[in-house]
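When a residue number appears, it is its place in the shown sequence, counting from 1.
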Amino acid sequence: QVQLVESGGGLVQAGGSLRLSCAASGRTFSSYFMAWFRQAPGKEREFVAAISWSGGSTYYADSVKGRFTISRDNAKNTVYLQMNTLKPEDTAVYYCAATDHTYYSGSYRDYDYWGQGTQVTVSS
C-alpha cells in the first residue's frame, strides 16, 4: 500500500506559477511510476504528466508540454509538479497517482493509488 498526500494548490492569476507536491508513505516509493492527473468540473480525469521510478524518463500531455515539469526526490518520497505560465483552462483538481507498473501509462485506470486531490484555480 502507498498513501499519497498532495499540497501546494491555490488561486493564481493567469501567467503565474504554482508548485504541487505529493508526499508518499508506505511501500518503497522509489519502485513506483508516479503521475499527475487533473479533473475539471463536468470533465473526465485527464493525464498531465508522469515520471519513471528513477526520474530518468518523463512524459507530458500536449496541453502542458513546455509549461509544466514533473520531478521526484526518492530520498524524500516526494514527487513535484512545477506549473508555469498557468492558464484559466488549467483550473482543476490535481491528483497524484502511483502504480507499480514498470512502463509508462497515461490512463488513470492503470494507477492503483491516489491522493485526495488539491484544487488549482487560475483566474483570467
Self-check item: Partners passing side chain to side chain contact (heavy atoms under 4.5 Å, CB included) against Q116 (at least two apart in sequence or in another chain)
Solution: V5, E6
Quiz item: Is a side-chain donor or acceptor of T58 paired with a backbone partner of I70 at a separation under 3.5 angstrom?
Solution: no
Quiz prompt | Donor-acceptor contact below 3.5 Å, side chain T91 vs main chain V122 | solution = yes
Give the minimum heavy-atom separation between [X] and [Y], together with the two atoms involved.
{"X": "M83", "Y": "V120", "result": "CE-CG2, 3.9 Å"}
{"X": "L20", "Y": "Y94", "result": "CD1-CB, 3.6 Å"}
{"X": "S21", "Y": "T78", "result": "CB-CG2, 4.3 Å"}
{"X": "A92", "Y": "Q119", "result": "O-NE2, 3.4 Å"}
{"X": "W53", "Y": "N74", "result": "O-ND2, 3.1 Å"}
{"X": "T85", "Y": "R67", "result": "O-NH1, 2.9 Å"}

Rounded distance (nearest 0.5 Å) linking atom [atom1] of [X] with atom [atom2] of [Y]:
{"X": "S124", "Y": "Q13", "atom1": "OG", "atom2": "CD", "value": "9.5 Å"}
{"X": "R19", "Y": "T69", "atom1": "CZ", "atom2": "OG1", "value": "11.5 Å"}
{"X": "F47", "Y": "W36", "atom1": "CZ", "atom2": "CH2", "value": "13.0 Å"}
{"X": "H101", "Y": "S52", "atom1": "NE2", "atom2": "OG", "value": "15.5 Å"}
{"X": "W114", "Y": "C22", "atom1": "CH2", "atom2": "SG", "value": "11.0 Å"}
{"X": "S31", "Y": "D100", "atom1": "OG", "atom2": "CG", "value": "7.0 Å"}

Do [X] and [Y] have side-chain heavy atoms sitting under 4.5 Å apart?
{"X": "T99", "Y": "S105", "answer": "no"}
{"X": "Y32", "Y": "I51", "answer": "no"}
{"X": "L4", "Y": "Y95", "answer": "no"}
{"X": "R45", "Y": "Y111", "answer": "no"}

Practice problem: Just say parallel, tilted or perpendicular for the rings of Y104 and F33, cut-offs at 30° and 60°. | Solution: tilted
Quiz item: Which pairs pass salt bridge (charged side-chain N to carboxylate O under 4.0 Å, His left out) with one or both residues in residues 34-43, sequence neighbours excluded?
Solution: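 Listed by first then second residue: R38-E46, R38-D90.
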Quiz item: Does V12 belong to the same Ile/Leu/Val/Met/Phe/Trp/Tyr cluster as F68, with side-chain heavy atoms less than 4.5 Å apart forming each link?
Solution: yes
